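Note on naming: letters A, B, ... go to the chains in the order of the sequence lines (proteins, then strands), and numbering restarts at 1 for each one. Note that the coordinates shown come from a computational prediction; the quantities given were computed from them, not determined experimentally.
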2 protein chains.
Amino acid sequence: MTQAGDDREDTDRMTLSVREPIVEDSRADILRAAAVCFMEKGYTAASIDDVARRVGATKGRIYHHFPSKAHLFAEVFRFGMDRIFIVTDPHRNTPGRAVDRWKKLAFVHTRTMTNSKALARVVWEGVEMHLRGATTPEQRAVLDDLVTYRNSYSDVFRQTIAQARDEGDFTFDDLGIANQVMFMALNSPIFWYTPRPSDPADHIDNIAKQVVAFAYRGLGGRGEP
Amino acid sequence: MTQAGDDREDTDRMTLSVREPIVEDSRADILRAAAVCFMEKGYTAASIDDVARRVGATKGRIYHHFPSKAHLFAEVFRFGMDRIFIVTDPHRNTPGRAVDRWKKLAFVHTRTMTNSKALARVVWEGVEMHLRGATTPEQRAVLDDLVTYRNSYSDVFRQTIAQARDEGDFTFDDLGIANQVMFMALNSPIFWYTPRPSDPADHIDNIAKQVVAFAYRGLGGRGEP
DNA sequence: TTGACAACATACCGGGTAGTATGTTCATCA
DNA sequence: TGATGAACATACTACCCGGTATGTTGTCAA
């Protein structure tokens with residue numbers, strides 16, 4: 001029941017993999033700072049100097065690790081996608097009814113998005129940039145790749161709710177619309193939730209629970225999740 | 001039942017009020033172009049020259065009508081809020097159960113948002129800018145005003161769903177969370193819907209209907225809206 | 001007819017920013 | 001120990017963009 005602690009991590013602590021050379025720590029520091037900067041100001045308004053200032057360094061360090069601002073952004077994007085992929089992976093192919101799989105997927109997804117708000121916002125803006133049509137062709141190529149990545153993640157939910165509908169647990173009309181609205185509902189905390197020190201420990205879980213309940217019923221699920 | 005046609009207007013046709021001097025047409029042209037530019041590139045990336053180019057003019061014309069980029073943006077913001085306020089106004093204080101009022105409000109809101117996607121996106125980004133903390137104090141003041149405006153609009157829905165809950169037609173836990181998630185669901189088409197010439201005439205209505213159905217059930221409404 | 005003003009266009013300036021070129025320091029290894 | 005290269009910092013450039021200052025054209029009223 002309580003599998004808490006498996007993907008818990010606050011906004012300021014994100015490590016790449018287990019243990020890597022110091023250079024990777026430096027890189028990770030930059031990625032974290034960049035995530036916050038991009039979240040606070042958006043891609044265009046956030047400057048490389050902003051990111052450098054936040055890690056207590058100068059431009060030189062940034063460009064030593066990343067060839068361009070677009071690449072830096074893309075790396076944060078990928079970093080965020082990796083994280084959300086990893087935490088949902090264990091619940092992707094569990095046996096049983098699809099609706100039960102969905103409940104766990106949705107909850108873990110929402111909790112992780114809310115927990116790592118900065119990364120989630122960068123992923124969001126990355127998708128937005130892709131829809132708008134990124135400027136340079138090189139940037140375009142990098143984003144294409146990542147958006148494909150992100151779409152494959154979306155497909156996991158898409159197939160799950162489709163199957164749940166087939167099994168009679170969900171009721172909705174258009175699958176594409178349902179998936180989009182569901183995602184917007186699940187992701188909504190990254191726009192209106194701001195973590196405060198006074199929040200109790202289970203605050204985010206509580207939010208995620210209510211958001212998932214909304215989406216569950218929105219998709220036509222009966223009873224309480 | 002079918003009050004269609006009262007607030008229908010496509011994205012490229014928005015007039016200010018009924019009939020005004022030519023100068024106001026020129027201003028309105030700029031506002032329309034600015035809305036599209038801000039939607040396509042975002043506030044920071046969209047330049048005054050972009051807007052000017054879109055109306056087939058130069059910077060001079062823009063700055064003749066608007067004192068600054070921030071003011072131009074604010075005017076589009078206000079324009080969009082006015083529109084959404086106007087179309088929902090007739091359904092705000094109708095007698096009967098709150099849930100019935102909500103149904104009409106939500107549908108008209110969603111349809112209008114989807115119809116005038118550009119304006120809706122500008123309003124969205126305006127709120128975002130305010131949350132991020134706008135740069136200059138003057139810009140801040142203008143945004144404060146508009147966000148208050150937009151919050152008063154949000155309160156209409158907030159009070160409506162609160163009353164509907166009191167009347168036993170809706171079921172949810174936290175009022176604030178429910179309102180936020182509901183709004184995200186209702187507004188979601190402005191992010192994933194792109195109008196195409198091949199769309200049938202009732203396409204947007206159809207989308208709005210499904211989105212409202214999702215939100216209705218998400219709020220705990222029973223049966224079909 | 002002329003002055004005055006609206007409604008722009010043109011030309012220009014200054015600040016900020018992505019990106020580059022060039023130091024500088026320090027660890028490692030032959 | 002000397003050379004090499006990683007990991008930065010510093011200094012600089014080119015460009016874009018918001019804003020301004022000034023020029024031009026048409027209209028309208030006295």
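- A:Q180 is linked by a side-chain contact (heavy atoms from CB on, under 4.5 Å) to B:W192, counting only residues two or more places apart in sequence or in another chain.
- At the phosphate of C:dA7, OP1 or OP2 sits under 4.0 Å from a side-chain N or O atom of B:H64.
- When the side-chain hydrogen bond (donor to acceptor under 3.5 Å, both in side chains) test is applied to B:S47, the partners found at least two apart in sequence or on another chain are B:D50.
- Listed by chain and residue number, B:R121 satisfy the side-chain hydrogen bond (donor to acceptor under 3.5 Å, both in side chains) test with A:E128 (two or more places apart in sequence, or in another chain).
- Closest of all the heavy-atom pairs between B:A185 and B:F214 is CB-CD2, 4.4 Å.
- With sequence neighbours excluded, no residue forms a side-chain hydrogen bond (donor to acceptor under 3.5 Å, both in side chains) with B:T44.
- With rounding to whole Å, A:R61 atom CZ is found 5 Å from D:dC8 atom P.
- The phosphate of D:dC8 (OP1 or OP2) has a side-chain N or O of A:S26 nearer than 4.0 angstrom.
- The side chain of A:H65 places no N or O atom within less than 4.0 Å of a non-bridging phosphate oxygen (OP1 or OP2) of D:dA6.
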What pairs of nitrogen or oxygen atoms, one from the protein and one from nucleotides 15-18 of chain C, lie under 3.5 Å apart?
from, atom 1, to, atom 2, distance (Å)
C:dA18, OP1, A:K69, NZ, 3.0
C:dA18, OP2, A:I48, N, 3.0
C:dA18, N7, A:K59, NZ, 3.2

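- When the P atom of C:dA7 is taken as reference, atom CD1 of B:I62 falls 14 Å away, rounded to whole Å.
- For residues 141-156 of chain A, the salt bridge (charged side-chain N to carboxylate O under 4.0 Å, His left out) pairs, not counting sequence neighbours, are A:R78-A:D145.
- The distance between atom CD1 of A:I30 and atom P of D:dA7, rounded to the nearest whole Å, is 11 Å.
- Rounded to whole Å, atom P of D:dG19 lies 10 Å from atom CG of B:L72.
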